[in-house]
Amino acid sequence: MDWVRLRLDVDAFDEKEFEPYLQRALTSGIWFTPMTDTPDNRRALYELNKTCSADIPERGEFYSYESYVAERIEVPSFTPEGIIVALDGDTWIGMSATSLHPEGRAFSEMTGVLRPYRGRGLSLALKLLAIRFVRDQGCRWLDTIHHPRNDSAISMNRRLGFIDLP
Ligand SMILES: CC(C)(COP(=O)(O)OP(=O)(O)OC[C@H]1O[C@@H](n2cnc3c(N)ncnc32)[C@H](O)[C@@H]1OP(=O)(O)O)[C@@H](O)C(=O)NCCC(=O)NCCS
């Protein structure tokens, strides 16, 4: 499989173009927050991640809740303040999760928006906040990897300025 490996130069990222997506979301009543690590929030994150992941080509069966906690949350790279959540009222409707790694490298683990909320720039607003987080942590590079048929995710990242890694 030729996975699509993408990288953003965070120092060169110009956020002005993407600010309006965030403002429009906020005006429409969607709000954004970094995750706090509580049992209820772990469960909400799991449900959202599972629902959105069902649309990743060839994703296969998702983790059980127990294995999600063991393999994605209770691991050294888990960074709750790097998980930006979008909410409509109390409902978690979008997420962008970033983990931090040595040598100034960050990894975009998962960005997802529930189907009824897609196509209105919410992933760009989420990613803008994720990129600000990465920059504030002093990381220069934000990497991600996608299934070659995941057109929406690949296009979204290219739109933000991600370029192909060899
Ligand atoms: C990928 C995903 C997060 C995009 O969310 P979204 O909020 O609908 O995306 P946006 O409305 O912010 O669109 C941003 C850009 O992405 C691209 N894009 C979004 N949906 C697209 C689609 N169906 N086809 C092609 N490009 C698409 C476009 O470039 C778009 O910019 P434009 O509208 O100015 O052309 C969403 O489709 C999703 O949750 N998919 C399932 C989970 C997934 O595959 N996540 C990535 C793996 S980590």
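In each ligand, atom 1 is the first atom listed, and ligand 1 is the first ligand listed. Throughout, residue positions are numbered sequentially from 1 according to the sequence presented.
In the candidate list A86, S152, A153, S152 is nearest to atom 23 (N) of ligand 1, counting heavy atoms. In the candidate list K127, R158, M156, M156 is nearest to atom 15 (C) of ligand 1, counting heavy atoms. Of the options H146, R118, R59, H147, the smallest heavy-atom separation from atom 37 (O) of ligand 1 is shown by R118.
With W141 as the aromatic partner, R105 does not meet the cation-pi criteria of under 6.0 angstrom to the ring centre and within 45 degrees of the ring axis.
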- Start with the C-alpha distance between F133 and L142, add both sets of side-chain angles, then the distance that settles side-chain contact (heavy atoms from CB on, under 4.5 Å), and finish with yes or no. CA-CA 11 Å; F133 165 76; L142 178 59; over 6 Å; no
- Message: Show, in sequence, the C-alpha distance, side-chain angles and deciding distance for H147 and W3, and conclude whether the ring-ring contact (aromatic ring centres under 6.0 Å, His included) test is met.
- Response: CA-CA 5 Å; H147 187 285; W3 293 96; 5.8 Å; yes
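Judged by distance alone, the side chains of S99 and S77 never bring a donor and an acceptor atom under 3.5 Å apart. H101 and D143 form no side-chain donor-acceptor contact under 3.5 Å, judged by distance and modelled atom types alone. Between the side chains of N49 and S53, a donor-acceptor pair is found at a separation under 3.5 Å.
A donor-acceptor pair under 3.5 Å links the side-chain atoms of N157 to the main chain of A153, judged by distance alone.
For atom 27 (C) of ligand 1, the nearest protein heavy atom is under 4.0 Å away. For atom 2 (C) of ligand 1, no protein heavy-atom neighbour is found at a distance under 4.0 Å. Distances from atom 32 (P) of ligand 1 to the protein include at least one heavy-atom value under 4.0 Å.
Among protein heavy atoms, atom 11 (O) of ligand 1 sits closest to G121 N, 2.8 Å. Protein heavy atom nearest atom 41 (C) of ligand 1, with residue, atom name and distance: C52 O, 3.4 Å. Nearest protein heavy-atom contact of atom 39 (O) of ligand 1 is V113 N, 2.9 Å. In terms of protein heavy-atom proximity, atom 34 (O) of ligand 1 is closest to R159 NE, 2.9 Å. Taking atom 8 (O) of ligand 1 as the reference point, the nearest protein heavy-atom neighbour is G119 N, 2.8 Å. The shortest contact between atom 13 (O) of ligand 1 and any protein heavy atom is with S123 OG, 4.0 Å. The nearest heavy-atom contact from the protein to atom 45 (N) of ligand 1 is T111 O, 2.7 Å.
Ring geometry for F18 against F13 counts as parallel: the plane angle stays under 30°, on a 0 to 90° scale with 60° as the upper cut. Between Y65 and Y46, the angle of the ring planes goes over 60°, which puts this pair in the perpendicular group of the 30/60° scheme.
Each of the following atoms of ligand 1 lies closer than 4.0 Å to a heavy atom of M110: 42 (C), 48 (S). Numbered from 1 in the order shown, with element, the atoms of ligand 1 that lie under 4.0 Å from a heavy atom of L124 read 12 (O), 14 (C).
Of the polar atoms of N150, at least one N or O is found under 3.5 Å from an N or O of ligand 1, judged by distance alone. By the 3.5 Å distance cut-off applied to N or O atoms, R120 is counted among the residues near ligand 1.
For R59, the CZ atom is densely surrounded, since the number of other residues' heavy atoms within 6.0 Å is greater than 12.
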